[in-house]
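Numbers restart at 1 for each chain; the letters A, B, ... are given by sequence-line order, proteins then strands. Keep in mind that the numbers below use all heavy atoms, side chains included, and drop hydrogens, waters and symmetry copies.
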There are 2 protein chains.
Amino acid sequence: MTRVLVVDDEPQIVRALVINLKARKYEVDAAADGRSALDLAASRHPDVVVLDLGLPDMDGVEVIRGLRGWTRVPILVLSARHSSDEKVQALDAGADDYVTKPFGMDELLARLRAAVRRAEPVGGGEDDVLVETEEFTVDLAAKKVNRAGRDVRLTPTEWHLLEVLVRNTGRLVSQKQLLQEVWGPSYGTETNYLRVYMAQLRRKLEADPSHPKHFVTEPGMGYRFEK
Amino acid sequence: MTRVLVVDDEPQIVRALVINLKARKYEVDAAADGRSALDLAASRHPDVVVLDLGLPDMDGVEVIRGLRGWTRVPILVLSARHSSDEKVQALDAGADDYVTKPFGMDELLARLRAAVRRAEPVGGGEDDVLVETEEFTVDLAAKKVNRAGRDVRLTPTEWHLLEVLVRNTGRLVSQKQLLQEVWGPSYGTETNYLRVYMAQLRRKLEADPSHPKHFVTEPGMGYRFEK
DNA sequence: CGGCGCCCTGACAGATCCGTGACGCACTGA
DNA sequence: TCAGTGCGTCACGGATCTGTCAGGGCGCCG
């Protein structure tokens, strides 16, 4: 299911959007200011963000920059300001689209679909979805891990960590990058989180957790997933 | 350079666009109807298409479908029709953005930049940068060194040193430069660090560490990496 | 309200890495 | 021949990093 983050300080707008989106089977989170928008984006990892520029606590463009610092999630800007300058500023800061209020719901939804569509991974490359090792199989699309015929239960955080590593199979992923992708952009030094969750992943997936074959530690640098 | 395909049957619009785009260092092709637009797209492989929906020979939405049959190139639709229905149709057919005439040139260019930007490859050119010698292979993106089929373990400092040398393959890198890049700007005279770590690199990578072929010392000056 | 799962946190032993000093060797110029 | 200089090598103590465990807080659901 596609997850949408709606950011607007006008309750009636939020309500209208939420109702329309949920009716179309989107999963919706909502925030009324920039700070909570950035927090929610970090914790919930939406597939697309609908962002009103006129927020009470910070400039909308700053919110865009805050998001673009760590994610390429599509950002659809909603604004009452028609000036060409505002549009250019928002788009150049990293927004994907700019819709002026009042807006037609049909058009907004179509633009939302377009934004989500083009963010989808290239083609029908189903090879990328299934990653297999001798001991277990990771299905990135179904969000499932299978080991010795049975599904392995992973907590959300465990899965998130696994996903980042698997999407970079063979490549070294730095501790900072892992922390920021899983826990959010304001993290970067809490390496004990990584130690704990890497241990849990290894316990659940490695044949010999104390001598990991697939989840390799590169001391001082990060971790690496190997097939 | 970014290549733009402009499709419109009104010569003055085409002219205005071409002038503005060329002034901003875009490479521009132009077509006045759907048929030649599709041909040009196939032969020239533009990085983005600006498409007027009102073409003499075929429906604009058909042009979008014709493009989407084989390419994901960003399509920015230009149209005089304001109806919500038209927009939804074009966007759902595969357009990335929809701008109504008359349009502001600044806004159009900003939307164009946004479309091009998000079409860029994910990691900013994460193509694995491979440097090969007869004895070992360095993968700068994955932070991996392979020798005789086995991965070589390098410590962070060793890797950092290797990275600087490899990025300057064939060039002499002064001791001061190496020290500053690896240990920080306040270093510059601690040449013993270099001696120690160069020795470790040679021990791990050279066939005959006491007669290095790839990590060459230039007495009194610095070191050089040769393939 | 009680149990459960999940997340965060702190502590600690062991492993790993880094900086440092000492020494021998090769080369150079007097 | 003999100092002087720069380089390669080695060994070692302290600092840092990692794996592991246990415990507490929080939200969710019966």
Nucleotide D:dT20, atom C1' - distance to CD of A:Glu206 in whole Å: 16 Å

Value in whole Å for how far the P atom of D:dT20 lies from CG of A:Leu201: 13 Å

Length of the line joining B:Leu179:CG and D:dC7:C1', which is rounded to integer Å: 14 Å

Any donor-acceptor pair under 3.5 Å from B:Arg202 side chain to B:Leu205 backbone: no

Considering all heavy atoms, the nearest A:Leu38-A:Gly66 contact: CD2-C, 3.9 Å

Sugar-phosphate, base or nothing in reach of B:Tyr223, heavy atoms under 4.0 Å: sugar-phosphate

B:Arg153 CZ - C:dA15 P separation (whole Å): 14 Å

Polar side chain donor-acceptor pair, B:Asp208 to B:Ser210, under 3.5 angstrom: yes

Contact state string [nucleotides 18-30 of chain C, B base, S sugar-phosphate only, - no protein heavy atom under 4.0 Å]: BSB----------

NZ/NE/NH1/NH2 to OD/OE distance under 4.0 Å, A:Arg224 and B:Asp151: no

A:Thr217 vs D:dG19: side-chain N/O to OP1/OP2 distance below 4.0 Å: yes

Atom pair distance, as rounded to whole Å: CD in A:Gln175 and C1' in C:dT16: 13 Å

Whether A:Phe215 and A:Phe225 hold their rings parallel, tilted or perpendicular, with breakpoints at 30° and 60°: tilted

Nearest-0.5 Å distance, OG of residue A:Ser174 to CD of residue A:Glu218: 12.0 Å

Atom pair distance, as rounded to whole Å: CG in A:Leu194 and P in D:dG19: 10 Å

Euclidean distance, atom CE of residue A:Met198 to atom C1' of D:dC17 [Å, nearest integer]: 15 Å

Rounded distance in Å - NE2 (A:His211) to P (D:dT18): 18 Å

